[in-house]
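One structure is given below, encoded as structure tokens.
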Amino acid sequence: MIRRILALVKKEFIHLRSDWWMPAFMLIGGALELLAIGWATSRPITNLPLMIWDQDHSPASRELVLALENTGTFLLEDQVQSLSPIEDALNRGDINAALIIPPDYSTQLTSLLGKPTLNVILNGAESIPAREAQRAIEGVVHDLGEQVVLQHLGLDPDQTAGFNFSLRVWFNEALSEAYYSTPAELGLMLEFTILLFAAITFSREKEFGTLEQMLVMPFSSLEIILGKAIPVILVGMADFALMLGVVHFAFHVPIRGSGLLLFVLALGYTIVELGKGMAISVFSKSQHQAFLLVLMIGMIDFMFLGYAVPVESMPRIMQLLANIIPAHHWLNILRSIMLKGSGLAALWPSILALVILGIIINTFSLLYVRRKLE
Amino acid sequence: MTESAFINITELTREFKNKTALEQITLSIQEGELFGLVGPDGAGKTTLLRILAGLLQITAGQVVAAGYDLNKEPEEIKPHIGYMAQEFSLYEKLSVVENLMFFADLYNVDVKEQEDRIQKLLSFAGLTEFKNRRAAHLSGGMQKKLALATTLLHEPPLLLLDEPTTGVDPISRREFWNILTDLHLNGTTIIVSTPYMDEADRCSRVGLMYQGELVICDSPVNIRNLLDGDLVKITTSDWQEAHTVLAPLAGVKEIQTYGEALHILVDSGKTRLPQLTRALKEHNLAVDEARTASPRMEEAFISLIRKMDQVN
Amino acid sequence: MSFRHLWAVTRKEIQHIFRDRATFILVLITPTVVLLLMTYTLAVNIEHVPLAVLDYDQSPTSRAFIQRITAGEDLDLYSQVDSIAEIEDMLIQGQVKAAVIISPGFSRDLLSLQGIDLQVIIDGTEPESGGFAVEHIGWRAEAFANEILADQFQIQGIPLESLQPIDLRVQAWFNPGLKPIIDLVPGLISIVLGFPALTVALTLAREHEHSTMEQLLVSPIKRTDLLLGKIVPYILVGLLNVMLIPIFAILWFRVPFQGNFLVFIALSAIFLFAELSMGMVIGVFMKSQSAALAMSFLVVMFPGFFLTGIFFPITAMPEIARLESLFLPGTHYAIITRGVFLTGIGLETLWPNAVMLLIIGTAFILISALFFKKRLA
């Protein structure tokens, strides 16, 4: 039986050799793409175009502007003299935020009872940078306010009450974006690679009518399935290793836990996704259909990798749904092992969920594929 | 070589990455000919037809067909030819009529005439009652007839057919050739490649291709007459043994095996046949059948190819 | 250009899409269904972030402080612990996203107006929740300290207002609550509408694989007619989705639609043209469907996802990536959809993007025509 399966595996790889784009994409494409996208997007949000309408033109207002620039979050787009260019720029989406400094800013600020009003307009059409801008402005204004209070009261900064936050970020001390985003990007590409590869295995043979021929040969359906599955697993794991290399070496994301455990679980995850891909493959009549189904499922799964928004803050029903998405548990495992150094003791709920899902998906898939093959 | 020929091929060479598919082919075909291309797989028949259809670039040499220089005007010739590829290359998901309509549009068939012509071709090809069936669900023979009908939509003066009857049952094959003969009689120039010698026999002229070269090009009668001598067909209980017994005998020029039968080319059938049977009996080989026969094109071709192999 | 040829190819492609019901349904509904589900996940509302608290002070003030921090809907007290090790465990297991450590001298320092060190630990693997926790703990702590300060100041006769010397008023236009659902839905439309482009890349490869290409090549059809004829049906299918999607976005998810619907449809058609032409370039180069698939993921889908400014602002990207994003149709379409849905701008502002899309589309079609040889290899 092993020999026959090996023969089938060999056949699959010979197929791949004549159509080398697919494996090349699987192996190198994913890693390269991860490198490029990670490089472009795994960085703090900076250079947000900011427009300022400074009606005060005082040293104090200039100091405020300088403080904002020094955050690095903003790129000073323009100093304007009225509201209309701000409105225009916001409408066009040219700026993410605008700050309006009132004419009496410095006088109000220096007088004991004064309270200048700073107006900030954010471009809500891009909420992610808008929130970043808001955070940065609030931080600057808060620090400035504290200084002013101290001046008013004539107090020494070391002596006053108030909270000195000592913030400690665990697992990601430098709050590097790459720690968070690149594992999610890896997850997305790994899933698509496996699903796509698995999904075209049978659909392709069906489309060309070669499946019939294979069915009349003396292979059992289990052998055929394994013969198709092994190349997918091999390519999937190689792809994972390459991409993990990119994440670790190019983006300096640490692997604090056990590398062995990570690979074992990656293998498990690959098999779960493989089951999904095989079911799609047998369900589809053509590669085109298989492809559309992969797109649909892959995109939905992507949302549960926590790339755009954290799963914890999704609506309740979506959080429940996340439990049946293998990619969600996998990402949890990936992040925990890499960043937190978690071991089995901490990971068992996710592993258990993955195992249960794997058993359900693969049992269904095996039965379905076998029935279709017989 | 006549300048007025319908197709003039001069020293045509076509090279692929690591193989020369056509080497120094020179050939001219007159208007109205039914020209057969024969030869083993890989001889270059498909390549030649594809070049004539403007599908492949010419590496060297010149091809002028229907007044178009294919080095310069591969696109311009396309409206004037009908080309049928070896593999079924119509849309399986479309019905018979939908396929015909699609190609009628591509070939700019006159809209007023289109309906008429499709009906005519359908009945001509015997597909009228299947016209709404999807091409995928047609039999092999019907698919070939549909493909032929498609190439005829725009009434091209030149038809290029690449093994149109391969994989078709004998009855459909005969029907197909009756259609071709009709077209031939109506003056269409047809170039058809075929692996079947009986089909080659129905052509006005036949070219034999082997390893990218045009070995011979003549009428079927002349090709048969190339073999000087007679043919003796012998079937024995053990053809391998018989082969070794007969080969060294006087007057035996060549032996070709056809399954169990041996086709033996001798200088004179009348005198040699008794000698051959006697020799076999001396070796205790039962002779099931032994008779003289007139040589067919097949024997002539095999003989030619053998000679070429010996030269190489 | 022959309209007859163009239409013949278009009709043939449409027949192919419709003939197979599963394909038809998938082509038609995939974008809408995916958008719907993606959108649901975006209806986020960060609240009830679980906290661990380690109180070394154990005073009435510290207990009041803890009570204060976890009083709202935003932060939940998951557990009060006795050691840092417990906090570590909880963070590793993901039970809490942040922890607050109250030092032994907390109440004494606070009342004597000394600086107070408040340690906050967050889970750096969940920057969203962690950042949220820090922000909210900060607000509560400050309010708490201010009240105590105010008591002291009143004794000293200093007015309370001077504690907040600047009045910062933040307003977000077009999306007052800065809800991601409002702006990501228009952005995601460009991704889901891009799906048909991936399909187009397959159609030429399919003709190659089924050897129907040979019959097409031998016919007198012009290259551009063939390529455009293959694109048109998918523009039509795409436009069907363009009509469907706003209905869901507006009625279901309450995303505003401020602009002109006709402008939206017209610009969507141009976007589809550009995106599909991009898919066509891949189709011309890849002779098998699987290769075309692989390439379209690499060239169309992933960059369309990450480099078009939907999740990550283009202005913050490095130079080369910014340049690349200019040539991605999705970048321009994201600006168009956000503009039409949220800001209500029209052609007078969006025309540069429309022109850019036209240029991209035409360029890609010309490139594909240039490299598409009406010959066999």
Side-chain angles (χ1 to χ4, degrees), chain A residues 19 21-22 25 29 33 37 40-41 45-47 90-93 115 117-122 124-127 129-131 134 141 145 148 152 161-164 166-172 180 200 287-289 291-292 295-296 299-300 303 308-310 313-315 318 335 339-340 342 346, chain C residues 22-23 26 30 34 37-38 40-41 43-44 46 92-93 113 115-122 124-125 127-129 141 145 149 162 165-175 178 180 183 195 202 288-291 293-294 298 302 306 311-313 315-317 321 335 338 342-343 345 349:
Chain A
D19 194 0
W21 267 104
M22 193 73 185
F25 159 74
E33 190 93 9
I37 285 170
T41 62
I45 295 184
T46 53
N47 292 332
L90 278 168
N91 274 327
R92 278 198 306 274
K115 196 171 202 176
T117 302
L118 289 175
N119 273 298
V120 173
I121 307 175
L122 300 171
E126 288 177 73
S127 65
R131 232 173 298 130
Q134 181 178 9
V141 170
V148 171
H152 286 179
F163 287 90
N164 301 321
S166 76
L167 177 64
R168 286 201 286 160
V169 183
W170 281 13
F171 316 127
N172 184 2
Y180 189 70
I200 60 166
Q287 294 180 78
H288 185 191
Q289 276 182 24
F291 172 54
L292 287 168
L295 257 184
M296 200 152 132
M299 292 295 284
I300 291 164
M303 297 314 287
V309 291
S313 12
M314 287 180 185
M318 288 290 129
R335 283 205 180 104
L339 303 177
K340 299 185 183 177
S342 309
Chain C
T23 305
L26 278 173
T30 314
V34 169
L37 274 155
M38 286 178 103
Y40 250 116
T41 67
V44 291
I46 304 187
I92 286 179
Q93 299 201 8
L113 296 184
I116 303 145
D117 285 321
L118 186 68
Q119 278 194 56
V120 178
I121 300 172
I122 61 167
T125 63
E128 278 294 325
S129 321
L149 268 177
S162 61
I166 301 172
D167 177 19
L168 182 67
R169 294 183 187 170
V170 179
Q171 48 175 316
W173 284 13
F174 318 125
N175 179 7
L178 287 184
D183 70 304
F195 291 171
L202 301 190
S288 78
Q289 289 187 78
S290 50
L293 264 183
L298 272 189
F302 290 142
F306 296 108
F311 297 112
F312 190 81
T315 42
M317 290 179 195
I335 294 173
R338 280 199 294 248
L342 304 181
T343 47
I345 46 180
T349 333

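The structure presented is a predicted model; accordingly, all values stated were derived computationally and were not measured. Every chain is numbered from 1 and lettered A, B, ... according to where its sequence line falls, protein lines coming before strand lines.
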- To the nearest 0.5 Å, how far apart are CD1 in I37(A) and CZ in F302(C)? 7.0 Å
- Message: Could you check whether any side-chain heavy atom of R169(C) comes within less than 4.5 Å of a side-chain heavy atom of T117(A), counting everything from C-beta outward?
- Response: yes
Tell me, out of [options], who's got the most heavy-atom pairs with chain A below 4.5 Å.
options: I335(C), I345(C), L178(C); answer: L178(C)
options: Q93(C), Q171(C), M317(C); answer: Q171(C)
options: N175(C), L342(C), D167(C); answer: D167(C)
options: I92(C), V34(C), T343(C), T30(C); answer: I92(C)

- Shortest non-hydrogen contact between L118(C) and A141(C), atoms and distance: CD2-CB, 4.4 Å
- Task: Not counting sequence neighbours, which residues clear side chain to side chain contact (heavy atoms under 4.5 Å, CB included) with V148(A)? List them please.
- Result: L109(A), H152(A), P165(C)
- List for me each residue that meets side chain to side chain contact (heavy atoms under 4.5 Å, CB included) alongside T23(C), sequence neighbours excluded, and say none if there are none. H288(A), Q289(A), D20(C), V27(C)
- Item | Contacting moiety of L202(C), where chain A heavy atoms sit under 4.5 Å | side chain
- Task: Measure L168(C) against the heavy atoms of chain A and call it side chain, backbone, both or neither at under 4.5 Å.
- Result: both
- Note on the structure: Under 4.5 Å to a heavy atom of chain C? For E126(A) that would be both
- Message: Out of A125(A), A40(A), A346(A), return the one with the most heavy atom pairs under 4.5 angstrom to chain C.
- Response: A125(A)
- Item | D183(C) (side chain) donor-acceptor with S127(A) (main chain) under 3.5 angstrom | yes
